[in-house]
There are 2 protein chains.
Amino acid sequence: MSRALDGTDWRILSELQEDGRLSFNQLGRKVNLSAPAVADRVRRLEEAGVIAGYQARIDATRAGLPLTAFIKLRCSPGRCLLTTTASDEYPEVVEIHKLSGSSCTLLRVRAASMPHLEEIFERIGRHGEIDTQIVLSTQYEGRPVAEPPAHTRSAQPSPGWSRAAPARPGEPS
Amino acid sequence: MSRALDGTDWRILSELQEDGRLSFNQLGRKVNLSAPAVADRVRRLEEAGVIAGYQARIDATRAGLPLTAFIKLRCSPGRCLLTTTASDEYPEVVEIHKLSGSSCTLLRVRAASMPHLEEIFERIGRHGEIDTQIVLSTQYEGRPVAEPPAHTRSAQPSPGWSRAAPARPGEPS
DNA sequence: CTTGAAAGAAAGGGCCG
DNA sequence: CGGCCCTTTCTTTCAAG
């Protein structure tokens, strides 16, 4: 089982979240380690699934998808989006979260235009009762996950919360 | 002024969102182009800001931050989180969105434990009225932004909303 | 945009502090 | 575990068709 991350690991994670294309040489320079040493640590982090992958960060607005909205969806039983293949049928859905409380899921969608967004709402609305919220602007997104204060590490909820998900594109927990 | 993205650009974006460390050679093979050709396109996409950067995708659960929550925050005027430096004071805040509607902002936070989460709620609650929602599980996150259906590009809401993707009906993808 | 070649850099292995 | 050396491999970049 994987040991807890030390400070160097967090520095590595921080750097790689800012620039995922850093070479082991550059990375080693930033964290005061030699290239083989950081290569070892990075490999360990990858094998442990802490680093789930590397991806280009896309500016959706500049890519022609300037609109973002959150959709709370209370599913009709059996027609929940979660159980369907949201991948191909709903390319506009960028995130799916299962929430506590009354609503089944929280979706995040990207749209090219208001008519497009409207059409998405209608399409998703067929799956249940929806509550939509349009994003006016976004200050942060994909902000680097940082090391939490030390005192917060106690009292872990329980192992087993994370369903041993495959560390694959589109799903870090 | 940047021209609209064509199908090949979208394929490149798709591949780079799945694996941001692809070499131009590998990438070229995937999109049926030579290395120099895709290097050119990628460079153009980077300069246009469509590709905003590259980053390692972290599995926050495996990194010791298994809890996610959304916080709707209605700011007290002048004490809005948006205007403060959320960077250093709130390392747990991963996203900040300004929303339409009554609530000022939507925050997304990562926490190591329930006490930690509780403490975050209390800390952020000082800035205004909050409405919290804990995420039970996440199906997708950071799902690749995909090319929208062609018909959605028409009828932009109003000029000035997006200075990218001049959309005309019947435009080839 | 493609092919081809050259220069440069990076990754992996082995050994020692 | 980390640092240093080496060798091999790959990527990048330039040139020309």
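Below, chains carry the letters A, B, ... as their sequence lines are ordered, and counting in each starts from 1. Since this is a predicted model, take the numbers as computed values, not measurements.
Atom-to-atom, CD1 of I12(B) to C1' of dC1(C) comes out at 13 Å; the value is rounded to the nearest Å. Remark: P of dT3(C) and CG of N32(B) are 11 Å apart, rounded to the nearest angstrom. Put simply, CG on D40(B) is 16 Å from C1' on dT11(D), counting in whole angstrom units.
The backbone N or O of R44(B) lies less than 3.5 Å from no partner atom in the side chain of E47(B), so there is not a single donor-acceptor pair.
Closest to the side chain of A37(B), from the set dT2(C), dG3(D), dG12(C), is dT2(C). Nearest nucleotide to the side chain of P36(A), out of dC1(C), dT11(D), dG13(C): dG13(C). Closest contact between the side chain of L33(A) and the listed nucleotides dG3(D), dT11(D), dA10(C) involves dG3(D).
Residues H116(B) and E92(B) bring a donor and an acceptor atom of their side chains to less than 3.5 Å of each other.
Residue R43(A) is classed as having no contact, given no heavy-atom separation below 4.0 Å to the nucleic acid. Nucleic acid contact class of R41(B) (heavy atoms, under 4.0 Å, all strands): sugar-phosphate only.
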Q | Evaluation steps, side-chain contact (heavy atoms from CB on, under 4.5 Å), between C75(A) and H127(A) | A | CA-CA 6 Å; C75(A) 307; H127(A) 292 268; 6.0 Å; no
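Summary of the strand contacts: S34(A) and F24(B) both lie near DNA chain D, and taking for each the nucleotide with the nearest heavy atom, the more 5' one is attributed to S34(A).
Enclosure of atom CD in E118(A) is not indicated, since only 12 or fewer non-hydrogen atoms of other residues, nucleotides or ligands lie within 6.0 angstrom.
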